[in-house]
Number of protein chains: 2
Amino acid sequence: MKKIDILKKLRSSGLRPTKQRVEIAKFLFEREKTFHFTVESLNKLLTKKSASKIALATIYNTVHAFKTAGHLSEVEVRGNKTYFDTNVSNHHHFYDSDTSELIDIDANDVIIQKIPKAPNGKKIKNVEVFINLKN
Amino acid sequence: MKKIDILKKLRSSGLRPTKQRVEIAKFLFEREKTFHFTVESLNKLLTKKSASKIALATIYNTVHAFKTAGHLSEVEVRGNKTYFDTNVSNHHHFYDSDTSELIDIDANDVIIQKIPKAPNGKKIKNVEVFINLKN
DNA sequence: ACCCTAGTTTATAATTATTCTAAAGTGAAA
DNA sequence: TTTCACTTTAGAATAATTATAAACTAGGGT
Ligand SMILES: [Mn+2]
Ligand SMILES: [Mn+2]
Ligand SMILES: [Zn+2]
Ligand SMILES: [Zn+2]
C-alpha cells in the first residue's frame, strides 16, 4: 500500500492524517504479508525504525482508532497482552505458544463439516479456529 | 463429586487438602455442569456463599495449583481477564461477547474436514474452535 | 496567509489484573 | 506432641492498559 492510499485510508475513516498516524499506518500497512503484533512489540519496532519517538499512549490511541475503523482486528491468544492483526478478513490461525507467534490460515484452508446450532435466541457471528502448535 | 473424592483429588496431585483448597475445590468440582470463571468472579461467588473469607492471593494460588495439576484448564477469550474451565477434556466453546459467557461444545459436535498441515518442523498440538455469538 | 478550534498528542497519574514477598499459620509425618 | 515444609495472607510490586488534562496542530473559514 502506497502513501497516497494511506492518506486516503485515514481520511475515509474520519481520522486526521497526523504525522504519528501516518507513520504508524505506513509501518503497519505498507507490507505484503499479514502482521501480528502487540502494542508493546509495535512500540519497540517503531522506536527502532523511526527517528521521532511516538508516545506510548499515542500508539494505544492509534491502534484502537485503526481497529474501530476496521483497519485492524484483534486476535485472542493466551496471555495477558492484546494481539492485533493487519488481516481483517475472516481467517484462522496457527498459534505457536513457544514463540507466541501467530500464523494466518486462509479461511478456505479450513472446512468445517459440522457445528452445533446456536443456543436459544442467539445467532452465530463467526467461527474461529485456532491450531495450537508444538515442536 | 463428593467430599471424599475431593480429598482424594487433592492428595493424589500432591496438594495438601487445606481448609481453603477444600472449600474452593468443593465449590468448583461438586457440580454437574462445566463451570467457566475468572479469578474475580470466583472470588465474588466464594465471598457470597461462604462464611470464612479466603484471601485473593490464595484464590490465585489455588486456581493455578489446580490448573497445574490438570483439574482446571484455561480458556482464551477476548478481554483482559483469564478464564478457567472445570472441563479439562478436549472440547470447544460458544462465546457470547455480550455477556462474556462461555458455553461448552462437545468435541464430537464439531467435525473438521480439512485443516492445513503444520508449518515446517512444527506439529499440531490441538485444534480449538470458537463460535462467536450475536443476538 | 492567518485564525480558530476541534481533534490529537503527550507526560503522567490512575486503574486493573496478576504476581511477589515475607511473616504468620497449619497439616501431617514421625 | 513436636516439628517443619508447605500454605495462607496482607500488602507491595509489576505489567498492561486507560484516563486526565495541558500543549500542540491540521485544516476549514476568513
Ligand atoms: Mn486473553
Ligand atoms: Mn487477551
Ligand atoms: Zn491473522
Ligand atoms: Zn469449557
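Here is how names work: the chains are called A, B, and so on, in the same order as the sequence lines, proteins then strands, and each is numbered from 1.
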Mind calculating the distance between [atom1] ([X]) and [atom2] ([N]) to the nearest angstrom?
X	N	atom1	atom2	result
A/Leu46	C/dT9	CG	C1'	15 Å
B/Leu15	C/dT26	CG	P	19 Å
A/Leu56	C/dT15	CG	C1'	15 Å
A/Ile54	D/dC24	CD1	C1'	15 Å
A/Ile59	D/dT18	CD1	P	14 Å
A/Asn61	D/dC24	CG	C1'	15 Å
B/Glu23	C/dG27	CD	P	14 Å
B/Lys81	C/dT19	NZ	C1'	17 Å

Residue B/Arg11, side-chain atoms from C-beta onward, closest of C/dA28, D/dT9, D/dT18 | C/dA28

What's the closest nucleotide to the B/Ala55 side chain, out of C/dT9, C/dG27, D/dA10?
-> D/dA10

Is it true that B/Phe130 and B/Tyr95 have ring centroids separated by less than 6.0 Å?
-> no

Report yes if the distance between the aromatic ring centroids of A/Phe66 and A/Phe29 is under 6.0 Å, otherwise no.
-> yes

Think [X] has a side-chain N or O under 4.0 angstrom from the OP1 or OP2 of [N]?
X	N	value
B/Thr82	C/dT18	yes
B/Gln20	C/dT26	no
A/Tyr60	D/dT17	yes
A/His64	D/dT17	no

Would you say the side-chain atoms of [X] and [Y] include a donor-acceptor pair closer than 3.5 Å?
X	Y	result
A/Thr62	A/Gln20	no
A/His91	A/Asp85	yes
B/Asn135	A/Lys122	yes

Which is true for B/Thr18 with a 4.0 Å heavy-atom rule: it touches a base, it touches only sugar-phosphate, or it touches nothing?
-> sugar-phosphate

Residue pair B/Ala57/B/Arg16 against DNA chain C: nearer the 5' end by closest nucleotide is B/Ala57

Could you check B/Thr38 against A/Arg21 and say which one's nearest nucleotide on DNA chain C is further toward the 5' end?
-> A/Arg21

If each of B/Lys19 and A/Glu40 is mapped to the nucleotide of DNA chain D with the nearest heavy atom, which maps nearer the 5' terminus, i.e. the 5' end?
-> B/Lys19

